[in-house]
Amino acid sequence: MEVRTNEQNKRQELLNALPHFTGTENYYEYRMFGGGKLLLSDGVKYVSETGAYWLIDCIASYQGKLRSYTGMQVWTLQRKNDCEFFLECSDGNSNRLVYQKIPFSDFCLSSITYWLCNGVMMLKSEY
């Protein structure tokens, strides 16, 4: 009998849930430092509630720098090794806008991608 760790269970639950987020029924307001706001889709909120609100904070922290950029932002968090990740933002056409090393995270997936368009952060399947 296979014994799963809590982390493996959390990962599998998240992987099972992600395909069900197609479109969104609700938007959740996320207030940024400095008065701006983002709207989070159902899928992004769900992923965040698994312990990844820090990822929203990180993306929000770059919005001042990207203020003059008005196009689509594609944010990808990719695992490099056990606990180290890289966060990259592109314009959707492989032009890198932001790149950051995340030296430690306990995020359970190997990667996740959020799309940010017109102030709404969503999973690709929710676009």
Side-chain angles (χ1 to χ4, degrees):
M1 179 164 85
E2 181 181 333
V3 177
R4 290 184 151 193
T5 66
N6 190 25
E7 191 66 26
Q8 289 171 321
N9 289 335
K10 188 164 111 177
R11 180 181 186 276
Q12 194 57 53
E13 183 178 318
L14 186 53
L15 287 172
N16 291 342
L18 286 176
H20 298 284
F21 292 103
T22 56
T24 192
E25 293 182 14
N26 302 292
Y27 293 101
Y28 305 90
E29 194 171 280
Y30 172 90
R31 292 270 177 194
M32 294 187 296
F33 183 75
K37 69 179 178 179
L38 296 173
L39 295 176
L40 310 180
S41 67
D42 289 328
V44 171
K45 183 175 185 289
Y46 181 83
V47 173
S48 299
E49 288 174 342
T50 68
Y53 271 109
W54 63 268
L55 181 55
I56 306 285
D57 293 338
C58 192
I59 293 169
S61 74
Y62 282 104
Q63 295 312 300
K65 177 181 176 183
L66 296 172
R67 186 165 302 174
S68 62
Y69 176 76
T70 58
M72 167 88 71
Q73 297 175 26
V74 179
W75 289 89
T76 302
L77 180 69
Q78 182 74 42
R79 182 184 305 274
K80 181 176 181 198
N81 57 41
D82 280 346
C83 299
E84 185 178 42
F85 288 82
F86 289 99
L87 179 63
E88 179 180 59
C89 175
S90 72
D91 64 0
N93 292 316
S94 301
N95 297 311
R96 184 185 289 171
L97 304 173
V98 172
Y99 188 75
Q100 178 181 342
K101 179 180 175 182
I102 310 289
F104 176 81
S105 174
D106 62 354
F107 187 61
C108 62
L109 299 180
S110 295
S111 68
I112 189 90
T113 299
Y114 291 156
W115 287 16
L116 181 56
C117 183
N118 297 323
V120 178
M121 191 177 303
M122 64 199 95
L123 300 172
K124 181 178 178 179
S125 61
E126 294 176 304
Y127 184 71

Applying a strict under-4.5 Å side-chain criterion to I, L, V, M, F, W and Y, I'd like to know whether Y28 and M121 cluster together.
yes
Between E7 and R11, does any NZ, NE, NH1 or NH2 come within less than 4.0 Å of an OD or OE carboxylate oxygen?
no
Under 4.5 Å between side-chain heavy atoms, counting indirect links through other Ile/Leu/Val/Met/Phe/Trp/Tyr residues: same cluster for L97 and I102 or not?
yes
For residues M72 and Y127, determine if any side-chain heavy atom of one lies less than 4.5 Å from a side-chain heavy atom of the other.
yes
Search all heavy atoms of K101 against all heavy atoms of P103 and return the closest pair with its distance.
O-CD, 3.5 Å
Give the cluster check for M32 versus L66: same hydrophobic cluster or not, with ILVMFWY residues linked at side-chain heavy-atom distances below 4.5 Å.
yes
Would you give me the side-chain donor-acceptor pairs under 3.5 Å for residues 105-115, sequence neighbours excluded?
from: S105; atom 1: OG; to: F107; atom 2: N; distance (Å): 3.0
from: T113; atom 1: OG1; to: T76; atom 2: OG1; distance (Å): 3.2

D91 side chain to N93 backbone, donor-acceptor under 3.5 Å
yes
Please determine whether side chain to side chain contact (heavy atoms under 4.5 Å, CB included) holds for the pair L39 and N118, giving the CA-CA distance in whole Å, both sets of side-chain angles, and the decisive distance to 0.1 Å.
CA-CA 9 Å; L39 295 176; N118 297 323; over 6 Å; no
Please say yes or no: joined through hydrophobic side-chain contacts below 4.5 Å, possibly via intermediate residues, are V98 and F86 part of one cluster?
no
Would L123 end up clustered with I59 when hydrophobic side chains under 4.5 Å apart are linked, directly or stepwise?
yes
Any side-chain heavy atom of T24 sitting closer than 4.5 Å to one from V44?
no
d(D42 CG, F21 CZ) to nearest 0.5 Å is 6.5 Å
Heavy-atom distance under 4.5 Å between the side chains of D57 and Y30, does that happen here?
yes
Indicate whether the side chain of Q100 and that of Y62 have a donor and an acceptor atom separated by less than 3.5 Å.
yes
dist C58:SG -> I56:CD1 (nearest 0.5 Å) comes out at 10.5 Å
Find out whether Q73 and Q63 are in side-chain contact, i.e. whether some heavy atom of one side chain is under 4.5 Å from a heavy atom of the other.
yes
Have N9 and E13 got a donor and an acceptor in their side chains that come within less than 3.5 Å?
no
Output the distance between atom CG (L40) and atom CE (M122), rounded to the nearest 0.5 Å.
10.5 Å
Is the backbone N or O of S41 less than 3.5 Å from a side-chain atom of E126, with the two atoms forming a donor-acceptor pair by type?
no
Would a 4.5 Å heavy-atom cut-off, applied to side chains only, mark R96 and E88 as touching?
yes
Rounded at 0.5 Å granularity, tell me how far CD in E84 sits from CZ in F104.
11.5 Å
